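Reviewing the structure listed below.
In this text, all values refer to a predicted model and were calculated from it rather than measured experimentally. Quick note: numbers below take in every heavy atom, side chains included, and nothing from hydrogens, waters or symmetry partners.
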Amino acid sequence: QVQLVESGGGLVQAGGSLRLSCAASGRTVSTYAMAWFRQAPGLEREFVSAISLSGGTTYYGDSVKGRFTISRDNAKNTVYLQVNSLEPEDTAVYYCAARRTSVAVTTATGYDCWGQGAQVTVSS
């Protein structure tokens, strides 16, 4: 089982940027497809982005397309989420997730390993 730890969250003004990181330990992340989800208070967990094991295929939720970029560095056992042009509606806890296959999916039930989350707060 892989352990995931998110970092890079914080408070940012609207229009700003952050880079979230998800560091894996226990098992190499190079054997997992990875994803980011987010959850705002009172709302269901929402798909943000996913990346295949090779990094060759990526997916994005409609609300973040063109603003967020997912990437991975298997040598560093880390997955990143570059978030640009942030909006107050992006405020949420952002979770990193892993599934031990080469193919990424966009549903939370498809992932069996989760990090503890990183808070992102965007002020208007």
Side-chain angles (χ1 to χ4, degrees):
Q1 193 84 335
V2 65
Q3 288 79 47
L4 305 173
V5 178
E6 300 94 336
S7 62
L11 174 64
V12 63
Q13 289 188 330
S17 299
L18 289 171
R19 187 174 81 157
L20 304 180
S21 298
C22 174
S25 62
R27 286 185 180 272
T28 174
V29 74
S30 63
T31 60
Y32 291 80
M34 305 292 293
W36 289 92
F37 290 79
R38 67 185 182 186
Q39 188 165 19
L43 299 180
E44 293 187 355
R45 193 162 294 192
E46 176 190 15
F47 169 74
V48 174
S49 184
I51 188 167
S52 65
L53 187 154
S54 70
T57 303
T58 57
Y59 303 95
Y60 294 95
D62 289 341
S63 62
V64 307
K65 281 180 183 176
R67 299 188 298 123
F68 291 12
T69 303
I70 192 170
S71 62
R72 63 189 300 158
D73 186 336
N74 290 341
K76 294 184 178 180
N77 246 13
T78 302
V79 176
Y80 303 98
L81 185 70
Q82 179 68 40
V83 297
N84 298 328
S85 302
L86 283 163
E87 304 166 351
E89 293 73 23
D90 295 317
T91 295
V93 177
Y94 284 70
Y95 296 93
C96 177
R99 66 192 303 258
R100 201 173 180 187
T101 70
S102 61
V103 177
V105 296
T106 62
T107 55
T109 54
Y111 293 85
D112 46 21
C113 300
W114 293 82
Q116 84 289 349
Q119 177 70 47
V120 172
T121 303
V122 184
S123 63
S124 57

Run the numbers on V83 and V120 for side-chain contact (heavy atoms from CB on, under 4.5 Å), then give the verdict.
CA-CA 10 Å; V83 297; V120 172; 5.7 Å; no

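Looking at E89 and V122, their side chains never come closer than 4.5 Å, going by heavy atoms from C-beta outward.
The nearest pair of heavy atoms linking S85 to S17 is N-OG, 4.2 Å. Residue V64 comes nearest to V48 through the heavy atom pair CG2-O, 3.4 Å, listed as atom of the first residue, atom of the second, then distance. Listed here is the closest heavy atom pair of A14 and S124: CB-CA, 4.3 Å. Taking each heavy atom of T31 and L53 in turn, the nearest pair found is C-CD1, 3.5 Å. When all heavy atoms of G117 and V93 are compared, the pair lying nearest together is CA-CG1, 3.7 Å. For T91 against Q119, the heavy-atom pair with the smallest separation is CG2-NE2, 4.0 Å.
Residues that satisfy the salt bridge (charged side-chain N to carboxylate O under 4.0 Å, His left out) test with R38, not counting sequence neighbours, are E46, D90. E87 meets the side-chain hydrogen bond (donor to acceptor under 3.5 Å, both in side chains) test with no other residue; sequence neighbours excluded. Scanning for side-chain hydrogen bond (donor to acceptor under 3.5 Å, both in side chains) contacts around S102 gives an empty result, with sequence neighbours left out.
A distance-only check finds a donor-acceptor pair linking the side chain of R72 to the backbone of S52 [under 3.5 Å]. Between the side chain of Y111 and the backbone N or O of V105 there is at least one donor-acceptor pair closer than 3.5 Å.
In this structure, CH2 on W36 lies 5.0 Å from CG on L20, to the nearest 0.5 angstrom. The line from CG of L11 to CG of L18 is 9.0 Å long, rounded to the nearest 0.5 Å. Taken to the nearest 0.5 Å, the OG1 atom of T57 stands 11.5 Å off from the CD1 atom of I70. Taken from CZ in R45 to OG1 in T109, the straight-line distance is 11.5 Å, to the nearest 0.5 Å.
Ring orientation note: the planes of F37 and W114 are tilted relative to one another, at an angle of 30° to 60°.
V79 and Y95 sit in two unconnected hydrophobic clusters of ILVMFWY residues. Membership requires side-chain heavy atoms under 4.5 Å apart, directly or through other members. Under the 4.5 Å side-chain heavy-atom criterion for Ile, Leu, Val, Met, Phe, Trp and Tyr, Y32 and L4 are members of the same hydrophobic cluster.
Applying the salt bridge (Lys or Arg N to Asp or Glu O under 4.0 Å) test to every pair with at least one member in residues 6-25, sequence neighbours left out, gives no pairs at all. Listed by first and then second residue, the ring-ring contact (aromatic ring centres under 6.0 Å, His included) pairs involving residues 50-92 amount to none (not counting sequence neighbours). Within the structure, every pair that satisfies the disulfide (SG to SG under 2.5 Å) test and touches residues 57-124, not counting sequence neighbours, is listed here: C22-C96.
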